[in-house]
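Please read the structure below before turning to the comments.
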Protein chains: 2
Amino acid sequence: MLELADYASLLQNALKKNEFNVFGCRCSIIYSGRAESYLPPGDRIVIIKSDNSLLVHQPEGNNPVNYMKPGSSHYISFDDGKYFLRSQNLIHREYMDIEIHEIYFFESKHLEDGQKIILTGTEKDMAKMLFDNPSLIESGFKPLSMEEQTAFGFIDLFGYDKENTLTVIECKRYAADFKAVEQLKRYVERIKQSKGLTFVRGILAAPKISPNAEDLLHQEGFSFVSVKPPKYLERYDAKQKTLDGF
Amino acid sequence: MLELADYASLLQNALKKNEFNVFGCRCSIIYSGRAESYLPPGDRIVIIKSDNSLLVHQPEGNNPVNYMKPGSSHYISFDDGKYFLRSQNLIHREYMDIEIHEIYFFESKHLEDGQKIILTGTEKDMAKMLFDNPSLIESGFKPLSMEEQTAFGFIDLFGYDKENTLTVIECKRYAADFKAVEQLKRYVERIKQSKGLTFVRGILAAPKISPNAEDLLHQEGFSFVSVKPPKYLERYDAKQKTLDGF
DNA sequence: GGGGAGAGATGCCGC
DNA sequence: GCGGCATTTCTCCCC
């Protein structure tokens, strides 16, 4: 079993090599930057990535309890018989001191990964699906553009309905709330002003809508269409049977 | 050096003990749930916490590339000569398959931590600071309540100005954008309606405000006060000198 | 459990 | 750099 001093030495050397480092320890943490925090002593793991980002995770929960952004710098210091991992990010003016009371394990390894995640079922995918299948909105709907940075703002989808009325569609992949309605309203207002029109239709497309949002939606004269975000891989998986057995 | 089969066996046993597990590996990942994703082969670390949450981190970046929420379940499977870590969360209907090509290291440890982080400099702290020091808003301001769930909504701070006009204050710890203005407007409208008043003042308190937001703010007849979120620990640290030397 | 709002939000894209 | 906006947002609080 290694002593804290041995681990500290290992860590100090590893930090020079810009590899992936992870260690389990008992520690307490002070952070000062955009906000300030103190975390009393307890067991956590600390990760220092090759881009010099730092994460501290408690034994439970999805999110890091403390962290530093990529581009930070880290060093070990020994003051008054205590070990500290001190981190700073000068660009963001953020500082962190981890007082390390004990180290349980330490791993350092060069990790190679240039891959990016492929994600489907996003709001953008919803807009594309509606662009390609406009009857999901309503029969006779003619899409003009999607996900476009227009002069009036970033609009998910817009086009003409079967009465040739200009229509703005705002997509939400989750249950639409009244903020989504306000967003739609903002776009409709901007387009009316920009094009000098007295009426522009607004449609909110989402899996469902909250009661408050629906009230506001109807007050504004807009309408709701129930649409779920598309999941292309689901069909793929059904063929490949890789997610069977659950 | 252990073989993949040995690591798989270690991991399989460790999963039964509900400890903190972390391993470095080469893997590819399929996720299906709220959205769907595929991550091609590369080096990552996988963390399985004692609450059965799971995190996958690439060698760079602050955020996990894939994850499962607490309360998931995980098991090792060996199919067609390939090792998989399969995870599912029945409550959230989420599934993940990690195909493990190689394992570089593996650590399993019981971690003990019941501590919660103490955070200052939040919006709530700002509201309290303004409540305690109302002259930071303007001279003669008389606070009524803060962070209160009123009948008209959740309002950061409200009170009377020196002319005894009812005033709503919305705090933002960051640069205020036009959504903050819309939020303030919503509260002011609700209070006017609820109290049957023809005029209620609105003040946005934030470190700074974007030009677009400021335009909208003045259009609505509201005003801006520059206030920074308080950092109590900063003063504490200045005394204790724990964050010196940077 | 849903709704509303903050977060040391983060990350992406566009200007 | 800022601005606007989505996120497998997450988290908390309150109804």
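Below, chain A is the first sequence line, B the second, and so on; all start at residue 1.
The existence of a salt bridge linking A:E182 and B:K179 is excluded, since no basic side-chain nitrogen approaches an acidic carboxylate oxygen closer than 4.0 Å. Salt-bridge formation is detected for the pair B:K185/B:E220: a Lys NZ or Arg NE/NH1/NH2 atom is positioned less than 4.0 Å from an Asp or Glu carboxylate oxygen.
Nucleotide C:dG8 forms no Watson-Crick or G-U wobble pair with any nucleotide shown, as no partner meets the under 3.5 Å limit on both distances.
Distance, A:H92 NE2 to D:dC2 P: 11 Å, rounded to whole Å. Atom NZ in A:K124 sits roughly 20 Å away from atom P in D:dG4 (whole-Å rounding). One can place CD of A:E123 at 11 Å from P of D:dT8, the figure rounded to the nearest angstrom. One atom, CD of B:E214, and another, P of D:dG3, lie 11 Å apart when rounded to the nearest Å. Protein atom CG of A:D156 is 19 Å distant from nucleotide atom P of C:dC12, rounded to whole Å. In this structure, B:N62 atom CG and C:dC12 atom P are separated by 12 Å, rounded to whole Å. To the nearest angstrom, P of D:dG4 lies 14 Å from CD1 of A:I155. Atom C1' of nucleotide D:dG3 and atom CZ of A:F154 are separated by 13 Å, given to the nearest angstrom.
Among the heavy atoms of the strands lying under 4.0 Å from B:N66 is at least one base atom, whether or not backbone atoms are also near. Across all strands shown, A:Q183 has heavy atoms under 4.0 Å from sugar-phosphate atoms exclusively, and none from any base. Using a 4.0 Å heavy-atom cutoff across all strands shown, B:K172 reaches sugar-phosphate atoms only and no base atom.
Of the side-chain N and O atoms in A:R34, none sit less than 4.0 angstrom from OP1 or OP2 of C:dG6. Within the 4.0 Å cut-off from OP1 or OP2 of C:dT10, at least one side-chain nitrogen or oxygen of A:K69 is found. Contact annotation: A:Y67 reaches the phosphate of C:dT10 (side-chain N/O to OP1 or OP2, under 4.0 Å). Contact between the side-chain N/O atoms of B:K179 and the OP1/OP2 oxygens of D:dG4 is not found at any separation under 4.0 Å. Phosphate contact (OP1/OP2 of D:dC5, side-chain N/O of A:Y187, threshold under 4.0 Å): present. For the OP1/OP2 pair of D:dT11 and a distance below 4.0 Å, the side-chain nitrogens and oxygens of A:N63 include at least one atom meeting the criterion. Taking only side-chain nitrogens and oxygens, B:Y174 never comes nearer than 4.0 Å to OP1 or OP2 of C:dG8. In this structure, B:R186 reaches the C:dA5 phosphate: one of its side-chain N or O atoms is under 4.0 Å from OP1 or OP2.
Side-chain atoms of A:E36 stay outside donor-acceptor range of the base of C:dG8, with no qualifying N/O pair under 3.5 Å.
Looking at B:R173, B:K172, B:K228, B:K128 one by one, the single match for salt bridge (Lys or Arg N to Asp or Glu O under 4.0 Å) with B:E123 turns out to be B:K172.
For the pair A:E170 and A:R173, both in contact range of DNA chain D, the more 5′-proximal nearest nucleotide belongs to A:E170. Residues B:E94 and B:A213 each lie close to DNA chain D; by heavy-atom proximity, the contact nearer the 5' end of the strand is made by B:A213. Remark on DNA chain C: of its neighbouring residues A:N212 and A:V65, the 5'-side contact belongs to A:N212, judged by nearest-heavy-atom nucleotide. When each of B:C171 and B:I91 is assigned the nucleotide of DNA chain C bearing its nearest heavy atom, the one mapping closer to the 5' terminus is B:I91.
Closest to the side chain of A:F178, from the set D:dA6, D:dG4, C:dG4, is C:dG4.
A 4.5 Å side-chain heavy-atom check between B:L39 and B:S28 finds every atom pair outside the cut-off. Side-chain contact between B:I203 and B:V168 is absent, with no heavy-atom pair separated by less than 4.5 Å.
Under a 3.5 Å cut-off, the side chain of B:H74 and the backbone N or O of B:N52 do form a donor-acceptor pair.
Geometrically, B:R190 does not engage B:Y187 in a cation-pi contact, judged by NZ or CZ lying under 6.0 Å from the ring centre and within 45° of the ring axis.
C:dG8 and C:dG4 have their P atoms separated by 23 Å, with the value rounded to a whole Å. The P atoms of D:dG4 and D:dT8 are separated by 22 Å, rounded to the nearest whole Å.
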